[in-house]
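Quantities reported herein were computed from a predicted structural model and do not represent experimental measurements. Within every chain, numbering begins at 1; the chains are lettered A, B, ... in the order of the sequence lines, protein sequences first and strands thereafter.
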Number of protein chains: 2
Amino acid sequence: MGLSSRSAVAIHALTMLARWGDHSLTSAEIADSLASNPVLVRRILGSLRDAGLVWSTEGRGGGWSLARAPREITLYDAYTAVEAGPILSRHAHPPSDACAVGRHMQALLEAEFRDAERAMEERLGRTTIAHLLRQVLARERELALQNR
Amino acid sequence: MGLSSRSAVAIHALTMLARWGDHSLTSAEIADSLASNPVLVRRILGSLRDAGLVWSTEGRGGGWSLARAPREITLYDAYTAVEAGPILSRHAHPPSDACAVGRHMQALLEAEFRDAERAMEERLGRTTIAHLLRQVLARERELALQNR
DNA sequence: ATCTACTGCCACTGTCATAGTTACAGTTAG
DNA sequence: CTAACTGTAACTATGACAGTGGCAGTAGAT
């Protein structure tokens with residue numbers, strides 16, 4: 001493993017909200033689809049709300065809805081909303097300053113790792129929730145045909 | 001944070017081995033530069049050896065050396081030698097099969113995440129240890145000039 | 001007014017990966 | 001035989017994470 005599964009949860013939830021776009025979903029409904037927990041869902045959707053991707057209403061009949069069109073939300077948006085630190089982690093301690101190599105490795109690695117992370121983020125930014133939803137619907141149609 | 005710092009340690013060690021290419025280094029020497037522990041270094045260099053990037057000799061006077069030219073070792077080589085699983089982790093549990101979205105999300109995310117990870121790996125594959133070493137030496141020359 | 005169904009949030013648990021450390025057996029040069 | 005290494009297993013401490021229960025706040029339904 002590496003990172004948390006929060007990105008997966010976030011993208012899953014966003015796609016569900018896009019699928020049932022006309023009405024809001026509760027954290028319990030989303031948790032059911034994830035085979036997970038409403039509190040967990042609320043925590044992650046809370047981050048998405050802070051990032052302006054969704055909004056929520058309290059009280060009876062409340063729930064969650066998208067704050068933007070699905071085609072205006074990329075996987076990168078979801079990813080950066082819920083994931084904190086860098087992917088490729090740096091030295092646990094700063095290396096020794098007495099070593100000619102150690103003196104510079106931190107700065108060099110920082111540059112290399114940032115570039116590599118940016119490449120990944122750039123790729124995530126190319127896929128939108130709308131794109132994912134389209135694939136989900138296509139797969140559902142296929143299933144419907146097979147079960148006829 | 002995200003992943004382990006093993007990649008950083010591996011790249012650091014490889015660069016040191018390239019810098020002092022004529023003779024081998026002990027795990028204690030490398031650990032000193034990392035401000036870390038010889039056992040940790042041996043564990044990580046062990047993975048690099050399994051991947052064919054370095055070799056080691058036991059007994060007195062033993063130590064570690066590169067098994068290839070520095071320009072033939074990329075950061076991706078080091079990364080995949082020491083890092084096990086995927087970066088972007090998937091759902092903790094498989095989602096509910098009863099949900100039209102949940103049924104398909106795992107496969108779709110798998111494809112998206114693999115593409116994103118590949119983009120990162122591709123970027124890491126573009127930088128070699130030789131490139132890093134060149135930068136270290138350049139920075140050392142600068143320092144030498146300033147301290148004159 | 002009260003009930004019901006939500007969000008929001010805190011505190012806690014169990015689990016797991018990792019960094020770090022100690023210990024010791026095996027290997028090799030002096 | 002001794003000193004200096006590698007190789008490896010066992011252990012600890014730390015921290016991130018998923019998951020859970022509890023409870024205050026909010027708002028529609030009756």
Practice problem: For C:dT7, take OP1 and OP2 only and decide whether either is under 4.0 Å from a side-chain N or O of A:Ser27. | Solution: yes

Self-check item: B:Ser36 side-chain N/O to C:dG20 phosphate OP1/OP2 under 4.0 Å
Solution: yes

Quiz item: Mapping A:Ser56 and A:Arg43 to their closest nucleotides on DNA chain C, which lands nearer the 5' end?
Solution: A:Ser56

Quiz item: Given D:dA29, is OP1 or OP2 found less than 4.0 Å from the side-chain N or O atoms of A:Arg60?
Solution: no

Exercise. Keeping the roles fixed (side chain from B:Trp64, backbone from B:Val54), state whether a donor-acceptor pair exists under 3.5 Å.
Key: no

Quiz item: Okay, side chain of A:Glu117, backbone of B:Met120: is any donor-acceptor separation there less than 3.5 Å?
Solution: no

Self-check item: Interatomic distance, A:Leu45 CG vs D:dA18 P [rounded to whole Å]
Solution: 14 Å

Quiz prompt | Side-chain heavy-atom pair A:Glu112, B:His131 within 4.5 angstrom cut-off | solution = yes

Quiz item: What's the CG-P distance between B:Asp50 and D:dT6, to the nearest Å?
Solution: 16 Å

Self-check item: Which nucleotide in C:dC6, D:dG7, C:dG20 has an atom nearest any side-chain atom of B:Trp64
Solution: D:dG7

Exercise. Figure out the NE2/C1' separation between B:His12 and C:dA19, and round it to whole Å.
Key: 17 Å

Quiz item: For atom CH2 of A:Trp55, is the number of surrounding heavy atoms from other residues, nucleotides or ligands below 6.0 Å larger than 12?
Solution: no

Practice problem: May I have the distance from A:Trp55 (atom CH2) to C:dC6 (atom P), rounded to whole angstrom? | Solution: 15 Å

Quiz prompt | Nucleotide D:dA13, atom P - distance to CG of B:Leu40 in whole Å | solution = 18 Å

Exercise. Check whether any side-chain nitrogen or oxygen of A:His93 sits under 4.0 Å from OP1 or OP2 of C:dA19, and answer yes or no.
Key: no

Quiz item: With sugar-phosphate meaning primed atoms plus P, OP1 and OP2, does B:Gly63 contact a base, only sugar-phosphate, or nothing at under 4.0 Å between heavy atoms?
Solution: sugar-phosphate

Quiz item: Do the side-chain N or O atoms of A:Arg49 get closer than 4.0 angstrom to the phosphate oxygens (OP1, OP2) of C:dG8?
Solution: yes

Quiz item: Is any side-chain nitrogen or oxygen of B:Ser5 closer than 4.0 Å to OP1 or OP2 of C:dA19?
Solution: yes

Practice problem: Check step by step if salt bridge (Lys or Arg N to Asp or Glu O under 4.0 Å) holds for B:Asp77 and B:Arg68. | Solution: CA-CA 12 Å; B:Asp77 293 328; B:Arg68 295 191 212 161; 3.7 Å; yes

Quiz prompt | Interatomic distance, A:Asn37 CG vs C:dC9 C1' [rounded to whole Å] | solution = 14 Å

Self-check item: Position toward the 5' end of DNA chain D (nearest nucleotide), B:Val39 or B:Ala28
Solution: B:Ala28

Quiz item: Expressed in angstrom and rounded to an integer, what is the separation of B:Arg6 atom CZ from C:dG20 atom P?
Solution: 12 Å

Exercise. Please report, rounded to the nearest Å, how far the P atom of D:dA4 is from the CG atom of B:Asp32.
Key: 15 Å

Exercise. Please figure out whether B:Arg42 or A:Ala35 has its closest DNA chain D nucleotide nearer the 5' end.
Key: B:Arg42

